[in-house]
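Reviewing the structure listed below.
In what follows, chains carry the letters A, B, and so on, assigned in the order in which the sequence lines appear, proteins first and then strands, with residues in each chain numbered from 1.
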Number of protein chains: 2
Amino acid sequence: MSVQNGLSRRERQILDILFKHGRATAAVVHADLPDRPSNSAVRAHLRTLEEKGHVKHEAEDLRYVYSPVVQPAKARKSALRHLVETFFEGSPAKAAAALLDSNAARLSDDDLDRLSSLIDKARKEGR
Amino acid sequence: MSVQNGLSRRERQILDILFKHGRATAAVVHADLPDRPSNSAVRAHLRTLEEKGHVKHEAEDLRYVYSPVVQPAKARKSALRHLVETFFEGSPAKAAAALLDSNAARLSDDDLDRLSSLIDKARKEGR
DNA sequence: GACGATGTGTTAGTTTTCTAGCAGGTTGTC
DNA sequence: GACAACCTGCTAGAAAACTAACACATCGTC
């Protein structure tokens, strides 16, 4: 169903790091992982993820660079839906409000303009 | 570190359902769980979650009603931060934009007004 | 009181996750 | 060539997750 099913805790963590970085070597993934597992364990998991089809690797001067197979956009969307569903009663507006509310200080003018125009657009479509 | 660490896949699923419902009996959790595990397994997991301190139960005419121990608000915040971090390069604005963009049709006028005022507020604070 | 439906607790066993350790291959330096 | 410093693959075993099955309690109905 969801993109994130069938994955163990570690696999999920690793996949998240790959989404975050776009592409990364085993060493980078390892460095980003909480509670520092062994490097060997990380590589094993990456291989498993590849077997399961969630990840692919390219050889790049002697090391492997891993990247997610699922389109980031798709994974994003799925993650958003899941979050909205479990924490915001299915209301994207509530989720968006929470985002803006707790992070207002960190929004640039450009960001605000873009959001405004999105809201205007929604207004027009709503009529 | 994060609220969602140290949990297995199933435990995470169960906890998400509790967040979604607020409070729920073992049977409800069971019904909402994908790939239908045994009822007994669900109860065992709930007990484990309680041991770990993520969940509490109250006896309510003969059955147990479970609810998350962590403040929903806190869990929400943590989940949002994680999502923004892994999928939106740490930019809440990008996340909010994605929410509005793909769900414009589902926003009510009230929602839009609320969002607008949040944006205005951010504008003022930004100066 | 006997029965079924529905709830819980606990146990024991399987399956999956997770890991360290070893073997081997390439590159660069001495 | 020997060595260190990287990297990969693989394997066996420990640890944790996951589960079914059984035992027992309560309630309502016959």
Side-chain angles (χ1 to χ4, degrees), chain A residues 1-19 21-70 82, chain B residues 1-19 21-70 86:
Chain A
M1 181 192 276
S2 160
V3 185
Q4 54 213 331
N5 276 343
L7 296 183
S8 70
R9 188 177 65 102
R10 270 278 188 255
E11 290 175 338
R12 169 97 245 127
Q13 289 176 338
I14 291 176
L15 198 49
D16 278 351
I17 291 177
L18 286 181
F19 276 127
H21 285 80
R23 30 188 286 118
T25 66
V28 169
V29 172
H30 180 216
D32 244 36
L33 231 29
D35 55 42
R36 290 316 202 86
S38 80
N39 168 283
S40 170
V42 175
R43 291 182 286 117
H45 281 135
L46 281 167
R47 241 170 289 127
T48 306
L49 277 170
E50 183 153 32
E51 252 174 40
K52 292 192 188 172
H54 295 100
V55 149
K56 68 179 191 290
H57 80 268
E58 297 160 315
E60 201 156 279
D61 58 22
L62 274 197
R63 38 188 117 161
Y64 288 2
V65 182
Y66 290 88
S67 50
V69 156
V70 184
H82 181 247
Chain B
M1 183 192 275
S2 160
V3 185
Q4 54 214 328
N5 276 343
L7 297 184
S8 70
R9 188 175 66 99
R10 269 278 187 256
E11 290 174 338
R12 170 97 244 125
Q13 289 175 339
I14 290 176
L15 197 50
D16 278 352
I17 290 175
L18 286 182
F19 277 126
H21 284 80
R23 31 189 284 118
T25 66
V28 169
V29 172
H30 181 216
D32 243 37
L33 231 29
D35 56 41
R36 290 316 203 85
S38 81
N39 168 283
S40 168
V42 175
R43 291 183 287 117
H45 280 136
L46 281 168
R47 241 170 290 125
T48 305
L49 277 170
E50 184 154 32
E51 254 175 40
K52 292 191 187 172
H54 295 99
V55 150
K56 68 178 191 292
H57 80 268
E58 298 160 314
E60 201 156 283
D61 57 24
L62 274 197
R63 39 187 115 165
Y64 287 3
V65 182
Y66 290 87
S67 50
V69 155
V70 185
T86 88

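Comparing the local axis fitted to the first five base pairs of the helix from dG1(C)-dC30(D) to dA12(C)-dT19(D) with the one fitted to its last five gives a bend of 10°, rounded to 10°.
Once rounded to the nearest 0.5 Å, the distance linking OH of Tyr66(B) with CD of Glu50(B) reads 6.0 Å. Separating the CG atom in Asn39(B) from the CZ atom in Arg43(B) is a distance of 5.0 Å, to the nearest 0.5 Å. If you take CZ on Arg9(B) and CD1 on Ile14(B), they are separated by 10.5 Å, rounding to the nearest 0.5 Å. Going from atom CG of Leu15(B) over to atom NE2 of His45(B) covers 12.5 Å, rounded to the nearest 0.5 Å. In this structure, the separation between CZ on Arg12(B) and CZ on Arg12(A) is 10.5 Å, given to the nearest 0.5 Å. Taken from CZ in Arg10(A) to OG1 in Thr48(A), the straight-line distance is 13.0 Å, to the nearest 0.5 Å.
Residue contacts shown for Ser8(B) are limited to sugar-phosphate atoms, with no base heavy atom under 4.0 Å away.
First and last contacts of DNA chain D with chain A, using any nucleotide atom under 4.0 Å from a protein heavy atom and ordered 5' to 3', fall at dC7(D) to dC10(D).
The phosphate of dT10(C) (OP1 or OP2) has no side-chain N or O of Arg43(B) nearer than 4.0 angstrom.
Projected onto DNA chain D by closest heavy-atom contact, Ser40(A) and Arg63(A) fall at different nucleotides, the more 5' of which corresponds to Arg63(A). Between Ala44(B) and Leu62(A), it is Leu62(A) whose nearest contact on DNA chain D lies nearer the 5' terminus.
Here the side chain of His30(B) pairs no donor or acceptor atom with the backbone of Arg36(B) at under 3.5 angstrom.
When each of Leu33(B), Asp32(B), Val28(B) is checked for a side-chain contact (heavy atoms from CB on, under 4.5 Å) with Val42(B), only Leu33(B) meets the rule.
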